[in-house]
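Order of appearance sets the numbers: ligands from 1, and atoms from 1 within every ligand. We number each residue from 1, following the sequence as shown.
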Amino acid sequence: MYDVAVIGAGPGGSTISRYLAKAGLNICLVDKDAFPRDKPCGGGFSQRILDEFPYLRKRADDFLKGIAKVGVLHSPNRRVILEGKVDMAVTLRTDFDNVLFECAIEQGAEPIVGLRAKSLRTTSDYSEVYLSGGKSIKANLIVGADGVTSMVARNTGLNKRWPNSTVTACRVVEVPATNDEIIERYTEQLHYHFFANLGELPGYAWIFPKRETINVGLGIVGTHARGLPSIFNAFVKYLKKENLLMEDSDLKKAKGALVPTNGPIRRSYANRCLLVGDSAGMVSPLTGGGIAYAMKAARYAVPVIQTCIENSDFTATSLEDYETAWRRAFGNEFKEQLLAQKIFTSPFTEVLFAIGSRDKKIQTMVSESMAESSEQGISITNLVARTLLVCLKSAIRV
Ligand SMILES: Cc1cc2nc3c(=O)[nH]c(=O)nc-3n(C[C@H](O)[C@H](O)[C@H](O)COP(=O)(O)OP(=O)(O)OC[C@H]3O[C@@H](n4cnc5c(N)ncnc54)[C@H](O)[C@@H]3O)c2cc1C
């Protein structure tokens with residue numbers, strides 16, 4: 001029997017497995033796919049992750065595909081542009097997740113890959129996970145790091161399903177490109193682009209240029225996402241017309257995926273189980289970014305799990321401290337981001353862009369938030385205060 005069975009080897013699952021294995025616990029890390037494997041994603045994250053998880057810096061050459069230094073934000077009718085300095089690392093998830101996975105295995109986590117976790121049974125003495133192929137594993141505790149479609153969240157009743165309004169349906173592709181093709185369009189500073197409310201639908205689109213590829217994606221809130229592939233095709237056509245993409249771009253590998261964008265679920269723990277990352281909805285409702293949150297939550301879970309093991313107590317009550325810790329650290333960020341999402345998908349977005357275009361500080365604040373570059377995340381209070389100030393200054397001048 002394992003101390004902990006971690007289901008899902010994305011950023012959340014591999015990070016928690018690494019720390020728990022390093023602490024000497026008996027861990028298995030289960031994934032339905034063999035590694036390296038791809039995960040549909042933009043692949044952008046704050047460079048601060050490399051300081052917070054220093055073992056990654058040593059492996060940066062294996063996954064870092066550049067640093068975007070400038071953010072370019074397009075208004076819904078694409079007539080107004082905001083621009084600001086940022087510091088966003090870009091990666092390919094195939095490489096990044098493989099490095100995280102290898103770091104976990106190096107520390108002693110036992111990999112069980114190519115098998116899907118199909119269901120879960122919890123008794124008073126252990127939890128048992130049934131895998132495809134007929135095998136099952138027993139552990140004192142299960143970590144559900146199995147992403148947005150989490151079996152663990154469903155089976156424990158922590159999240160039976162995502163209502164359409166709480167997820168964003170995406171389409172994304174890494175377009176292969178030469179260095180010249182990338183520099184010509186995005187400069188040496190790798191300007192990244194965000195498009196608000198494309199076609200007046202609630203959501204956003206993006207371009208993250210990287211070394212050797214240009215990542216193009218689009219996400220629309222589930223309630224409005226019908227016809228997503230044709231909306232994506234129209235977006236690509238527009239990018240080609242604007243010379244932001246090459247005419248002969250290879251888009252064959254475009255994939256669909258969901259991301260939770262309504263903030264975390266109500267509770268991220270139950271008897272003998274806790275959830276990290278997308279399975280618990282730990283994703284910015286503003287940007288759809290969840291890599292950093294999954295990894296940070298994983299680290300907050302580690303001391304709580306160690307205490308459970310020391311006390312041989314795996315009840316929900318003993319896991320409560322995990323939720324308290326991550327909510328204290330970044331729970332409020334989701335509230336601010338959700339509010340910002342509501343504002344940026346409202347009919348006032350165009351007006352707000354027009355006001356923002358007159359003020360460098362607003363442009364920096366918004367660009368940094370979209371690239372998760374600012375230390376404190378988005379502050380709606382500061383943004384509203386600055387917007388009012390800009391309006392007031394214009395009124396005085398008239
Ligand atoms: C189109 C798109 C673009 C995005 N862009 C960004 C971005 O630029 N920056 C950013 O920070 N975030 C981005 N995100 C969000 C980011 O991808 C997630 O927040 C992040 O991957 C969450 O990590 P995780 O470990 O919780 O889950 P995941 O990365 O989803 O990993 C879950 C793992 O569980 C495995 N799994 C699932 N079910 C089972 C099962 N039943 N049995 C066994 N294994 C299973 C999967 O194979 C996978 O390896 C994007 C998301 C999408 C959809």
Next item on the list: Identify the protein heavy atom lying closest to atom 7 (C) of ligand 1, giving its residue, its atom name and the separation to 0.1 Å.
Entry: G44 O, 3.5 Å

Note to self: Is the contact between P11 and ligand 1 made by the side chain, the backbone, both, or neither, using heavy atoms and a 4.0 Å cut-off?
What the structure shows: both

Notebook entry, point to check: Looking only at distance, does G43 have an N or O less than 3.5 Å from an N or O of ligand 1?
Noted result: yes

Notebook entry, point to check: What residue and heavy atom of the protein are closest to atom 17 (O) of ligand 1, and at what distance?
Noted result: R93 NH1, 3.0 Å

Notebook entry, point to check: To the nearest 0.1 Å, how far is atom 30 (O) of ligand 1 from its closest protein heavy atom, and which atom is that?
Noted result: K39 CE, 3.3 Å

Margin query: For the 3.5 Å polar cut-off, considering only N or O atoms, please tell me whether V283 and ligand 1 meet it.
Written below: no

Check: What atoms of ligand 1 come within less than 4.0 Å of a heavy atom belonging to F208?
Finding: 8 (O)

Check: So which bit of V148 gets within less than 4.0 Å of ligand 1, heavy atoms only: side chain, backbone, both or neither?
Finding: neither

Next item on the list: Measure the distance from atom 27 (O) of ligand 1 to every protein heavy atom, then report the residue, atom name and distance (to 0.1 Å) of the closest one.
Entry: G147 CA, 3.8 Å

Checklist line | Side-chain heavy-atom pair N140, M1 within 4.5 angstrom cut-off | finding: yes

Check: Heavy-atom contacts under 4.0 Å between W206 and ligand 1: side chain, backbone, both, or neither?
Finding: side chain

Notebook entry, point to check: Applying ring pair (Phe, Tyr, Trp, His ring centres under 6.0 Å), which residue pairs with at least one partner in residues 102-152 are found, sequence neighbours left out?
Noted result: none

Check: Regarding R78 and the six-membered ring of Y238, is the cationic atom NZ or CZ under 6.0 Å from the ring centre and inside 45° of its axis?
Finding: yes

Next item on the list: Could you tell me the residue and atom name of the protein heavy atom closest to atom 34 (O) of ligand 1, and the distance to it rounded to 0.1 Å?
Entry: G8 CA, 3.2 Å

Notebook entry, point to check: Among the heavy atoms of Y293, does any lie under 4.0 Å from an atom of ligand 1?
Noted result: no

Next item on the list: Run the ring-centre check on H191 versus Y186 and record whether the distance is less than 6.0 Å.
Entry: no

Margin query: Tell me the contacting part of A145 for ligand 1: side chain, backbone, both, or neither, using a 4.0 Å heavy-atom threshold, strictly below.
Written below: backbone

Margin query: Give me the atom names and distance for the closest heavy-atom approach of I112 to C28.
Written below: CD1-CB, 4.0 Å

Next item on the list: Decide whether R154 and N159 meet the rule of one side-chain donor and one side-chain acceptor closer than 3.5 Å.
Entry: no

Notebook entry, point to check: For ligand 1, which atoms sit closer than 4.0 Å to a heavy atom of C170?
Noted result: 1 (C)

Next item on the list: Any atoms of ligand 1 less than 4.0 Å from a non-hydrogen atom of A257? List them with their elements.
Entry: 53 (C)

Note to self: Starting from atom 41 (N) of ligand 1, what is the nearest protein heavy atom, named by residue and atom, and what distance separates them?
What the structure shows: A117 O, 3.0 Å

List, one per line, each side-chain donor-acceptor pair under 3.5 Å for residues 288-299, sequence neighbours excluded.
| residue | atom | partner | partner atom | Å |
| --- | --- | --- | --- | --- |
| Y293 | OH | E333 | OE1 | 2.5 |
| Y293 | OH | Q337 | NE2 | 2.9 |
| R299 | NH1 | E52 | O | 2.6 |

Next item on the list: Can you pull out the closest protein heavy atom to atom 33 (C) of ligand 1? Residue, atom name and distance to 0.1 Å, please.
Entry: D31 OD2, 3.6 Å

Notebook entry, point to check: Are any side-chain N or O atoms of Q363 and backbone N or O atoms of E83, one a donor and one an acceptor, separated by less than 3.5 Å?
Noted result: yes

Next item on the list: May I ask you to establish whether R327 and F330 are in a cation-pi arrangement, using a distance under 6.0 Å from NZ or CZ to the six-membered ring centre and at most 45° from the ring axis?
Entry: no

Check: Short list, please: which atoms of ligand 1 are under 4.0 Å from a heavy atom of R37?
Finding: 48 (C), 49 (O)

Notebook entry, point to check: So between G219, G42, G288, whose heavy atom ends up nearest atom 13 (C) of ligand 1?
Noted result: G288

Check: Taking the six-membered ring for Trp, are F194 and Y192 parallel (under 30°), tilted (30 to 60°) or perpendicular (over 60°)?
Finding: perpendicular

Note to self: For a 4.5 angstrom cut-off between non-hydrogen side-chain atoms, does D38 reach L92?
What the structure shows: no

Check: Under 4.0 angstrom from ligand 1, any heavy atom of M282?
Finding: no

Next item on the list: Mark up the atoms of ligand 1 that fall under 4.0 Å of a heavy atom belonging to P40, in ascending order.
Entry: 2 (C), 52 (C), 53 (C)

Checklist line | Atoms in ligand 1 with a heavy atom of G12 nearer than 4.0 Å | finding: 25 (O)

Margin query: So, regarding K32 and ligand 1 (criterion: nitrogen or oxygen to nitrogen or oxygen, under 3.5 Å), is there a contact or not?
Written below: yes

Next item on the list: Give yes or no for whether the N/O distance cutoff of 3.5 Å, strictly under, is met between I291 and ligand 1.
Entry: yes

Next item on the list: Could you please spell out the steps behind the ring-ring contact (aromatic ring centres under 6.0 Å, His included) verdict for F101 and F35?
Entry: CA-CA 8 Å; F101 178 73; F35 279 67; 4.3 Å; yes

Item checked: Side chain proximity check, I214 to I182, heavy atoms < 4.5 angstrom -> yes

Notebook entry, point to check: Going by distance only, is there an N or O of G277 that falls short of 3.5 Å from an N or O of ligand 1?
Noted result: no

Check: Counting only heavy atoms, which portion of D33 has something under 4.0 Å from ligand 1: side chain, backbone, both, or neither?
Finding: side chain

Notebook entry, point to check: In the protein, which heavy atom is nearest to atom 26 (O) of ligand 1, and how far is it?
Noted result: D278 N, 2.9 Å

Notebook entry, point to check: More than 12 non-hydrogen atoms from neighbouring residues, nucleotides or ligands closer than 6.0 Å to NZ on K240, yes or no?
Noted result: yes

Next item on the list: Please check if atom NZ in K253 has more than 12 non-hydrogen atoms from other residues, nucleotides or ligands closer than 6.0 Å.
Entry: no

Note to self: Would you say the ring centers of F96 and F45 fall short of 6.0 Å from each other?
What the structure shows: yes

Note to self: Test of understanding: given a 4.0 Å heavy-atom threshold, classify the contact between R171 and ligand 1 as side chain, backbone, both, or neither.
What the structure shows: neither

